[in-house]
Novice: 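My structure is below; once you've seen it, I'll send some questions.
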Amino acid sequence: MNGPVRPYVITGGRSRPTRAELAVESLVSALPDPPELPEHGLLNREHRRILGLCRNLLSIAEVAAHLGLPLGIVKVLVGDLWDLGVVQVLPPVPQAERLPTTLLEEVLVGLRQLR
């Protein structure tokens, strides 16, 4: 049966992640040596798809785009994986630590002048 995705089934009815610090720009990567998990019961298909995607470092927003799922659902699923200890989540860079746009534009202009 190929019907629409039912998010409440994917997340077990939960609408919020267990970890409040998950932001859409948080970076997720699957751990190379995760703990052993039982074959059945803990991970659904979407959890396994996230683990496959996150062999490379991806933001939660990118994971949601790849899966075609809403951000809130992906945050719940990533939170599950984080709780199980099978992914690492890096917080977004605080606004104060980001480079100002004007500096980046000046660097770009300088690089163009090198040609």
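Only this structure's heavy atoms are used, side chains among them; waters, hydrogens and symmetry mates stay out.
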Novice: My understanding is that only residues two or more places apart in sequence, or in another chain, count here; which of them pass side chain to side chain donor-acceptor pair (under 3.5 Å) with Ser59?
Specialist: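 Result, side chain to side chain donor-acceptor pair (under 3.5 Å) vs Ser59: Glu62.
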
Novice: Measure the CG-OG distance between Leu53 and Ser29 for me, rounded to the nearest 0.5 Å.
Specialist: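 The distance works out to 12.5 Å.
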
Novice: Do Leu84 and Val87 land in one hydrophobic cluster if side-chain heavy atoms of ILVMFWY residues count as linked below 4.5 Å?
Specialist: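 Same hydrophobic cluster.
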
Novice: Could you list all the salt bridge (Lys or Arg N to Asp or Glu O under 4.0 Å) pairs where at least one residue sits in residues 81-94, not counting sequence neighbours?
Specialist: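 Listed once each, the pairs are Arg19-Asp83.
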
Novice: Hydrophobic clusters here meaning ILVMFWY residues chained together by side-chain heavy-atom distances under 4.5 Å, can you tell me if Leu27 and Leu77 are in one?
Specialist: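 No; Leu77 is not reachable from Leu27 via cluster members.
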
Novice: Which atom names give the shortest non-hydrogen contact between Ser26 and Val89, and what distance separates them?
Specialist: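 For Ser26 and Val89, the tightest heavy-atom pair comes out as CB-CG1, 3.9 Å.
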
Novice: Can you name the residues that form a side chain to side chain contact (heavy atoms under 4.5 Å, CB included) with Arg55, not counting sequence neighbours?
Specialist: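 Once residues adjacent in sequence are excluded, Arg55 has no partner under the side chain to side chain contact (heavy atoms under 4.5 Å, CB included) criterion.
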
Novice: Can you name the closest pair of heavy atoms from Ala64 and Leu71 and give their distance?
Specialist: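 Between these two residues, the closest heavy atoms are CB-CD2, 3.7 Å.
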
Novice: Is there a donor-acceptor pair closer than 3.5 Å between any side-chain N or O of Lys75 and the backbone N or O of Ile60?
Specialist: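 No; judged by distance alone, with no hydrogens or angles, the pair does not exist.
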
Novice: Are the side chains of Val86 and His47 in contact, using a 4.5 Å heavy-atom criterion?
Specialist: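 Sidechains of Val86 and His47: no contact.
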
Novice: Tell me which one of Leu67, Val63, Asn44 satisfies side-chain contact (heavy atoms from CB on, under 4.5 Å) with Arg49.
Specialist: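 Output: one option passes, namely Leu67.
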
Novice: Looking at CD of Glu46 and CD1 of Ile73, how far apart are the two atoms once the value is rounded to the nearest 0.5 Å?
Specialist: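 Rounded to the nearest 0.5 Å, the CD-CD1 separation comes to 9.0 Å.
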
Novice: Calculate, to the nearest 0.5 Å, the distance between atoms CD1 and CG belonging to Ile50 and Leu43 respectively.
Specialist: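 Those atoms lie 10.0 Å apart.
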
Novice: If you take all heavy atoms of Val28 and Cys54, which pair is closest and at what distance?
Specialist: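 Distance-wise, the nearest heavy atoms are CG1-SG, 3.7 Å.
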
Novice: Do the side chains of Leu114 and Val107 join up, straight or via other hydrophobic residues, at under 4.5 Å, putting them in one cluster?
Specialist: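 Same hydrophobic cluster.
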
